[in-house]
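Single-structure report; data block below.
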Amino acid sequence: MRIAAAAYPVEVLPDWDSLHRKIAQWVAEADAELVVFPEYAGLEAALIGATTPLGTAEETDRAAKAAPRYWQMVTAIARAHKITLLAGSLPARSETGDLVNRAALVTPQGGVAFVDKRQLTPWEQAETPLCPGTALPVFDPPGLPRLGVLICYDGEFPSQARAIRQTGAQLLLMPSATEGATGASRVRIAARARALESGGHVALAQTVGDCAMSSYLDRSAGRAGIYVAPDSGAPPDGILAETAPDTLGWARAPVSPRLPEQVDIASAWDGQHNMAQLTPFAQKHA
């Protein structure tokens, strides 16, 4: 099984068809069974047709309104390409009505489940209406190892990764967006540290390039990488694949499809949030 993590540019596109074509083309070029897009890559849905820079409040509102259509679109792409896809996150309404930074994991069968950023950055706390997520789910996508998702700043807190690992998860996906080299380096270091601690694979996907129309992503620095612990049979530095800094493209690497041992813990934080059985999108959002 191959995993691909994106170093991805967020752009202003003229319409939904253009966005669909862009994501579908990126997915086709990924050449992998599990594809990971960065934090806030979903904001392209909010930026469609924008002609002037959006303020944070307007961009957040546009994203929340666009989110259901965006998830429907990425679900169709995952089905068409027969892949499991972690779509780029975007501000969205939670089941309680709160605005959260939400990513969607979709499967080739049309299953979808959500994960919300738990630890907001100081900028998100001060400048956006976003609320922290509460659940820390784990996922059992068909044919893939058990995995967890930590969105950007979440990955800098070892306790969250440890809780996910205690469920038997072998993969950790870290979608991220950072403004400058300092933040990008911090998240990359955290991703490699989580790989060292867990003994599993960590996939880091980050936004790259500038988007003047976006208040969230006016500047982005980063790269994509697949990391493991430097150990027997692994590269000496633990880097399975990595893009150059601030360079568009995919980091790809093979990952063992061996499923983790069965465990009794349903979820890292709270059993009611276990996402092992993914519900088809149409059934949840009919």
Side-chain angles (χ1 to χ4, degrees), residues 2-8 10 30 32 34-42 84-90 100-105 113-121 124 132-133 135-139 141 144-165 167 169-179 181-208 217 220-229 238-243 245-246 249-253 255 268-269 275:
R2 281 165 65 89
I3 183 171
Y8 183 81
V10 169
L34 175 60
V35 175
V36 184
F37 282 92
E39 176 187 31
Y40 287 134
T84 298
L85 167 66
L86 183 71
S89 74
L90 75 169
V100 293
N101 182 359
R102 171 165 285 190
L105 184 74
F114 300 118
V115 57
D116 302 333
K117 188 174 185 177
R118 292 169 52 86
Q119 190 70 43
L120 300 182
T121 65
E124 286 171 319
L136 187 58
V138 292
F139 305 91
L144 300 181
R146 176 168 289 179
L147 62 87
V149 180
L150 293 177
I151 300 176
C152 199
Y153 199 28
D154 287 344
E156 297 185 37
F157 294 83
S159 60
Q160 296 193 49
R162 187 182 310 117
I164 289 172
R165 177 58 181 162
T167 72
Q170 294 181 322
L171 291 176
L172 185 62
L173 312 183
M174 284 182 55
S176 170
T178 53
E179 183 176 49
T182 300
S185 296
R186 189 175 61 242
V187 176
R188 177 177 179 266
I189 291 169
R192 298 186 68 184
R194 303 296 83 82
L196 177 64
E197 294 158 356
S198 70
H201 291 71
V202 177
L204 173 66
Q206 293 187 299
T207 53
V208 296
L217 296 173
S220 289
R223 64 170 74 188
I226 314 292
Y227 308 110
V228 294
I239 301 174
L240 293 180
E242 193 170 54
T243 63
D246 302 324
W250 290 102
R252 305 178 188 84
V255 176
W269 228 254
M275 299 292 186

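Values below: all heavy atoms of this structure, side chains included; hydrogens, waters and symmetry mates excluded. Note that the structure is a prediction, hence the values are computed from the model and not measured.
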For the student: nearest non-hydrogen atoms of [X] and [Y], plus distance:
{"X": "V149", "Y": "P175", "answer": "CG1-CD, 3.9 Å"}
{"X": "D246", "Y": "A221", "answer": "OD1-CA, 3.2 Å"}
{"X": "A224", "Y": "A5", "answer": "CB-O, 3.3 Å"}
{"X": "T207", "Y": "P38", "answer": "N-CB, 3.5 Å"}
{"X": "N101", "Y": "E39", "answer": "ND2-OE2, 2.9 Å"}
{"X": "I164", "Y": "G148", "answer": "CG2-CA, 3.8 Å"}

Only one of I3, L172, V138, L105 clears side-chain contact (heavy atoms from CB on, under 4.5 Å) with L147; which? L105

Strictly below 4.0 Å, N to O, side chains only: are E242 and R223 in salt-bridge contact? yes

Judged by atom type as modelled, is there a donor-acceptor pair below 3.5 Å linking the side chain of R194 to the main-chain atoms of A161? no

For the backbone of A241 and the side chain of R252, can you confirm whether one donor and one acceptor N or O come within less than 3.5 Å of each other? no

Taking the side chain as everything from C-beta on, heavy atoms only, tell me whether [X] gets closer than 4.5 Å to [Y].
{"X": "L173", "Y": "V115", "result": "no"}
{"X": "Y227", "Y": "I239", "result": "yes"}
{"X": "W250", "Y": "V35", "result": "yes"}
{"X": "V100", "Y": "F114", "result": "no"}

To the nearest 0.5 angstrom, please state how far the [atom1] atom of [X] sits from the [atom2] atom of [Y].
{"X": "L204", "Y": "L150", "atom1": "CG", "atom2": "CG", "answer": "11.5 Å"}
{"X": "I151", "Y": "Q160", "atom1": "CD1", "atom2": "CD", "answer": "10.5 Å"}
{"X": "Q119", "Y": "D154", "atom1": "CD", "atom2": "CG", "answer": "6.5 Å"}

If the condition is side-chain hydrogen bond (donor to acceptor under 3.5 Å, both in side chains), which residues does E124 pass it with, not counting sequence neighbours? Y40, K117, T121

Residues which pass side-chain hydrogen bond (donor to acceptor under 3.5 Å, both in side chains) with E156, listed by chain and number, not counting sequence neighbours: R186

Run the side chain to side chain contact (heavy atoms under 4.5 Å, CB included) test on L34 and L144 for me, step by step, so that the C-alpha distance in whole Å, both residues' side-chain angles and the decisive distance to 0.1 Å come before the verdict. CA-CA 8 Å; L34 175 60; L144 300 181; 4.2 Å; yes

